[in-house]
Amino acid sequence: MENLQKFYINGEWVAPLSGQTMPVINPATEEVIGTVALGNEADVDRAVAAASRAFDQFSQTSKAERLDLLRKVKTITERRFEDLAQAMRMEMGAPITMSRGAQADAAIGHLQGFIDALEEHEERIKLKNGDIMVREPIGVCGLITPWNWPMNQITLKVLPALATGCTCVLKPSEHTPISAVIYAEILDEAGYPAGVFNLVQGEGPVVGAAMSRHPDIQMMSFTGSTRAGTAVTCDAAETVKRVTLELGGKSPNIVFDDCDLAERVSASVAECMFNTGQSCDAPTRLLVEQSCYDEVLRIAKKAAEETAVGDPEKEGDHIGPLFDKIQFDRVQTMIKVGIDEGATLLAGGMGKPDGMDKGWFVKPTIFADVTNDMRIAREEIFGPVLSIIPFDNENEAISIANDTPYGLAAYLQTGDPERAERVAARLKAGAVHINGGGFNYGSPFGGYKQSGNGREGGMMGLEDYLETKTLHGL
Ligand code: NAD
C-alpha cells in the first residue's frame, strides 16, 4: 500500500519529512504486512499550517454544504466498506465477521448519527434577553486515536470536526495505520477542500506530543490509555487548549438473582470476551449476588469454555488474537497475578489455546472469588479475562461497582425494572446497559472520573468541537 509511507497534507499524499518507519504486523500470523512512515515535529508543523490556512474558508461554509459533504462520505464509505473491514482484520486481528458487523459498521453508524445531529443543530440561538448566541467551529483540532477500535475512534473525532466546520490533523495509532489511510482516501474522494483534513502517522510521544503542544491547534481530542491522556493534558496546558479525553475502564456488571441467569450470564461472558477483551467499556468485573453465585459460576465457566478462538480470516463468532506481543505478555502477566493473588481460576489460564502456536492468541479466562482490592479487579487487563466478585445486597453491589478509578460503563442484569432505575441512578458511569441494552449510534459515549471527559457521538459529539460567541446589540 503506497500511501502507507506518505502523509495526507493539504489535499495531497506527500513524502514525510522524517525518514523513520515501522513495520505493521498481522497479529494472527506475526507476519509483516506493510511499513508505515513515522512523522516528526516538522511533519506536524506542515499539517497544522495547512489546517490553519484551510480554516478561514471552511469555517464559513454553510451547514447545507457540510451536510452534502458528509453524505458523499457516506456513499464512498459504503463502497469501501470491505476494504476497511479487511484492513482491521489484518492490522489488529478483528475476526472478519465482527470486523464487518462492528468495526467497519461504526464508520457508517457514527456518520449517520452525526448527519442526524447536524440537521437538528441550531447554529444561532436567540436568548430571552435579546442577545444572540452563535455556535462556531473551535478551530484546528488535533485528533489522536488508539488501535483497538480504529474506525470507531477515527470517525467519532474526524466527522464532528468536519461537520462543525473545523479543520483537523489526525494521528491514528501507529499500530493500525492501514484503515486510517483508507479513510483519508475516502475523505479525499469526497472532495473536502485542501487542508481541511490532514493525516500524519507516527508515535504518540513524538507526533502526538507535538500536536498537543502546538500553539496553532485549539483543541485536542484523545482516545487511549489514561497514562497517555494525562500526558496530552499536561502538554496542552501551556497553550490552554480544550482537551477531551476518552480513556480506560474497568466496568462492573451487576447480576441480581432475579434476572434470566442462563441467558444474561452467558451474554455477559460473551460481552467481556468480545474484540478479545480489548474494549475500553468491556464488562470485566462480574458482581454476583451470593444467592445465585454457584449457579452463575457454572454458567460462566461453560460460556468461557465454549468461546471459540480462531483465525480472523474465517467467518464466525469466534474471537481473534490479542493485537501484539506486548499485549500478549501483559495479559499473561495479569493472569499470573490473579493466580498469585489467590483468586480461583475457573476457566482458561496462562498460555496459548491448544494447537495455536502462531499468533497472539490467548485462552478466554475467568477468575472467581475475586475481591475488589485485587489487581485483576482494579487494573485494565485488555484481554479476555473476567473477574467474578460476590456481593450480599444491593448497597454492597453499588459500592463495589463504584469502587474504581474509572467510570466509563456499567451493566445491570435484573428482572425488576424499578431496581434497574434505582441502581442505575447511583452508578458513576457514562453509560448503564440494562439486560443487554446495547449502544446505539448517535447516543453520547464517554466516561466519569479517570475514564475521561466530554462525550463523543451525535449531538454531544458535535458540541465538543464548537465555541460560543454572544452577539449583544443586534
Ligand atoms: P495508548 O494510550 O497507548 O495510545 C493511544 C494513542 O495515543 C496512540 O495513537 C498513541 O500513539 C498515542 N500516544 C501515546 N502516548 C502519547 C503521548 N505521550 N502524547 C500523545 N499521544 C500519545 O492506548 P492504546 O494502547 O492504543 O489503546 C488502548 C487504550 O485505549 C485502553 O486504555 C482503552 O481503554 C483506551 N480506549 C478508550 C476508549 C474510550 O472511548 N474511552 C476507546 C478505545 C480505547
Side-chain angles (χ1 to χ4, degrees), residues 22 27 36 38-39 41 44 88 91-92 94 102-103 106 110 142-157 169-177 179-180 199-214 217 220-237 241 243-251 274-284 322-328 330-331 379-383 404-409 429-431 439 443-457 460-461 464:
M22 189 182 107
V36 62
L38 300 176
E41 210 172 322
V44 172
M88 290 182 278
E91 65 189 358
M92 53 85 56
Q103 294 275 11
H110 289 311
L143 315 174
I144 300 180
T145 54
W147 51 264
N148 62 332
W149 281 92
M151 262 311 112
N152 183 64
Q153 302 308 330
I154 286 175
T155 52
L156 277 172
K157 297 187 189 312
V169 178
L170 167 68
K171 191 212 84 66
S173 169
E174 57 274 40
H175 304 290
T176 49
S179 51
L199 169 73
V200 178
Q201 310 266 16
E203 292 172 308
V206 182
V207 173
M211 286 163 61
S212 308
R213 287 195 299 259
H214 206 292
I217 288 185
M220 290 300 299
S221 176
F222 173 88
T223 299
S225 60
T226 301
R227 170 198 57 77
T230 311
V232 169
T233 309
C234 292
D235 283 335
K241 288 181 179 51
V243 179
T244 65
L245 302 169
E246 299 293 344
L247 308 173
K250 192 76 191 175
S251 299
F274 192 61
N275 205 29
T276 320
Q278 302 167 119
S279 294
C280 48
D281 61 347
T284 48
L322 291 170
F323 114 100
D324 75 353
K325 177 161 188 331
I326 296 173
Q327 196 64 23
F328 177 85
R330 187 165 142 210
V331 170
E379 296 177 25
E380 194 178 38
I381 299 175
F382 237 50
T404 166
Y406 297 112
L408 192 51
F439 175 80
S443 289
F445 182 88
Y448 281 42
K449 301 193 277 181
Q450 289 182 30
S451 288
N453 57 49
R455 292 291 181 270
E456 296 196 301
M460 285 197 78
D464 276 353

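The analysis underlying the following values was restricted to heavy atoms, covering all of them including side chains, and did not include hydrogens, waters or symmetry mates. Nothing fancy with the numbering, it's 1 onward along the sequence. Both ligands and their constituent atoms are indexed starting at 1 by order of listing. Predicted model, so just to flag it, every value in this text is computed and none were measured.
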**Student:** Counting each atom of ligand 1 from 1 as listed, which ones have a heavy atom of V232 under 4.0 Å away?
**Tutor:** 19 (N), 20 (C)

**Student:** Indicate the atoms forming the closest heavy-atom contact of E91 with P177, along with that distance.
**Tutor:**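 Closest approach of E91 to P177: OE1-N, 3.4 Å.
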
**Student:** So which bit of I144 gets within less than 4.0 Å of ligand 1, heavy atoms only: side chain, backbone, both or neither?
**Tutor:** side chain

**Student:** Which of the atoms of ligand 1 are close to S173, meaning less than 4.0 Å from one of its heavy atoms?
**Tutor:** 9 (O)

**Student:** Consider every N or O of L247 and every N or O of ligand 1, then say whether any pair is closer than 3.5 Å.
**Tutor:** yes

**Student:** What residue and atom, counting heavy atoms only, is the protein's closest point to atom 11 (O) of ligand 1, and at what distance?
**Tutor:**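 Its nearest protein heavy-atom neighbour is E174 OE1, 2.7 Å.
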
**Student:** Side chains of F222 and T233: does their closest heavy-atom pair fall under 4.5 Å?
**Tutor:** no

**Student:** Nearest heavy-atom pair of G407 and S451: which atoms, and what distance?
**Tutor:** N-OG, 2.9 Å

**Student:** What is the nearest protein non-hydrogen atom to atom 15 (N) of ligand 1, stated with its residue, atom name and distance?
**Tutor:**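 Nearest protein contact, heavy atoms only, for atom 15 (N) of ligand 1 is A228 CB, 3.5 Å.
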
**Student:** How close do M92 and W147 get, counting heavy atoms only, and between which atoms?
**Tutor:**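 It is CG-O, 3.7 Å.
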
**Student:** Is a side-chain N or O of Q327 found less than 3.5 angstrom from the main chain of F382, in a donor-acceptor match?
**Tutor:**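 Judged by distance alone, yes, a pair lies under 3.5 Å.
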
**Student:** Suppose I only count heavy atoms of F222 and a 4.0 Å limit; which atoms of ligand 1 are within that range?
**Tutor:** 2 (O), 6 (C), 7 (O)

**Student:** Under the criterion side-chain hydrogen bond (donor to acceptor under 3.5 Å, both in side chains), I'd like the reasoning laid out for T145 against K157: C-alpha separation, chi angles, the key distance, then a yes or no.
**Tutor:** CA-CA 9 Å; T145 54; K157 297 187 189 312; over 6 Å; no

**Student:** Atom 35 (C) of ligand 1: which protein heavy atom is closest, and how many Å away?
**Tutor:** G224 O, 3.2 Å

**Student:** Test your reading of the structure: does D235 have an N or O sitting under 3.5 Å from an N or O of ligand 1?
**Tutor:** no

**Student:** Is any side-chain heavy atom of L38 closer than 4.5 Å to one of V206?
**Tutor:**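 Not touching, per the 4.5 Å side-chain cut-off.
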
**Student:** I'd like to check which ligand 1 atoms, numbered from 1 as shown, lie under 4.0 Å from a non-hydrogen atom of F445.
**Tutor:**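 Those atoms are 39 (C), 40 (O).
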
**Student:** Would you mind telling me if ligand 1 is within reach of the side chain of W149, the backbone, both or neither, using heavy atoms under 4.0 Å?
**Tutor:**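 No part of W149 comes within reach of ligand 1.
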
**Student:** Looking only at atom types and distance, does a side-chain atom of R455 sit under 3.5 Å from a main-chain N or O of G447, one as donor and one as acceptor?
**Tutor:** yes

**Student:** When you compare ligand 1 with T145, is there at least one nitrogen or oxygen pair between them that comes in under 3.5 angstrom?
**Tutor:**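 Among all N and O atoms of T145, at least one is under 3.5 Å from an N or O of ligand 1.
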
**Student:** Could you list which atoms of ligand 1 come closer than 4.0 Å to a heavy atom of A231?
**Tutor:**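 Contacts of ligand 1 toward A231, numbered from 1: 18 (N).
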
**Student:** Looking at Q153, which atoms of ligand 1 are within less than 4.0 Å of one of its heavy atoms?
**Tutor:**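 Listed by number with element: 42 (C), 43 (C).
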
**Student:** What is the minimum heavy-atom distance between S221 and T244, and which atoms define it?
**Tutor:**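 Between these two residues, the closest heavy atoms are OG-OG1, 3.3 Å.
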
**Student:** Using every non-hydrogen atom in the two residues, find where V207 and G202 come nearest and quote the distance to one decimal.
**Tutor:** CG2-CA, 3.9 Å

**Student:** Could an N or O of ligand 1 be found under 3.5 Å from any N or O of E380, whether backbone or side chain?
**Tutor:** yes

**Student:** Quick check against the 3.5 Å criterion: does N152 have a side-chain atom that pairs as donor or acceptor with the backbone of A106?
**Tutor:**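 The answer is no, because no donor-acceptor pair under 3.5 Å joins these two groups.
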
**Student:** For R227 and ligand 1, does the shortest N/O to N/O distance drop below 3.5 Å?
**Tutor:** yes

**Student:** Would you mind finding which of A210, A236, G204 brings a heavy atom closest to atom 21 (N) of ligand 1?
**Tutor:**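 Residue with the shortest heavy-atom distance to the ligand atom: G204.
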
**Student:** To which protein heavy atom is atom 27 (O) of ligand 1 closest, and what is the distance rounded to 0.1 Å?
**Tutor:**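 Answer, as residue, atom name and distance: P146 CB, 3.3 Å.
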
**Student:** May I ask you to check if ligand 1 and S212 share an N or O to N or O distance below 3.5 Å?
**Tutor:**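 No: no nitrogen or oxygen of S212 is under 3.5 Å from one in ligand 1.
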
**Student:** Quick check: closest heavy atoms across E203 and K171, and the distance to 0.1 Å?
**Tutor:**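 Taking every non-hydrogen atom into account, O-CD, 4.1 Å.
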
**Student:** Between ligand 1 and E456, is the shortest N or O to N or O distance under 3.5 Å?
**Tutor:** no

**Student:** Any heavy-atom pair between the side chains of M22 and V36 that's under 4.5 Å?
**Tutor:** yes

**Student:** In ligand 1, which numbered atoms sit nearer than 4.0 Å to a non-hydrogen atom of W147?
**Tutor:**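 With W147 as reference, the close atoms of ligand 1 come out as 24 (P), 25 (O), 26 (O), 27 (O).
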
**Student:** Could you tell me, atom by atom, which parts of ligand 1 come under 4.0 Å of a heavy atom of G208?
**Tutor:** 20 (C), 21 (N)

**Student:** Which residue and non-hydrogen atom of the protein lie closest to atom 42 (C) of ligand 1, and at what distance in Å?
**Tutor:** C280 SG, 2.9 Å

**Student:** Under 4.0 Å from atom 4 (O) of ligand 1, can you find at least one protein heavy atom?
**Tutor:** no

**Student:** When you compare ligand 1 with S225, is there at least one nitrogen or oxygen pair between them that comes in under 3.5 angstrom?
**Tutor:**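 Between S225 and ligand 1, an N or O pair is found under 3.5 Å apart.
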
**Student:** On the 0 to 90° scale, with breaks at 30° and 60°, tag the F439-F445 ring pair as parallel, tilted or perpendicular.
**Tutor:** perpendicular

**Student:** Specify the protein heavy atom at minimum distance from atom 28 (C) of ligand 1: its residue, its atom name, and the distance to 0.1 Å.
**Tutor:** F382 CE2, 3.6 Å

**Student:** For S279 and A282, indicate whether the former's side chain and the latter's backbone hold a donor-acceptor pair under 3.5 Å.
**Tutor:** no

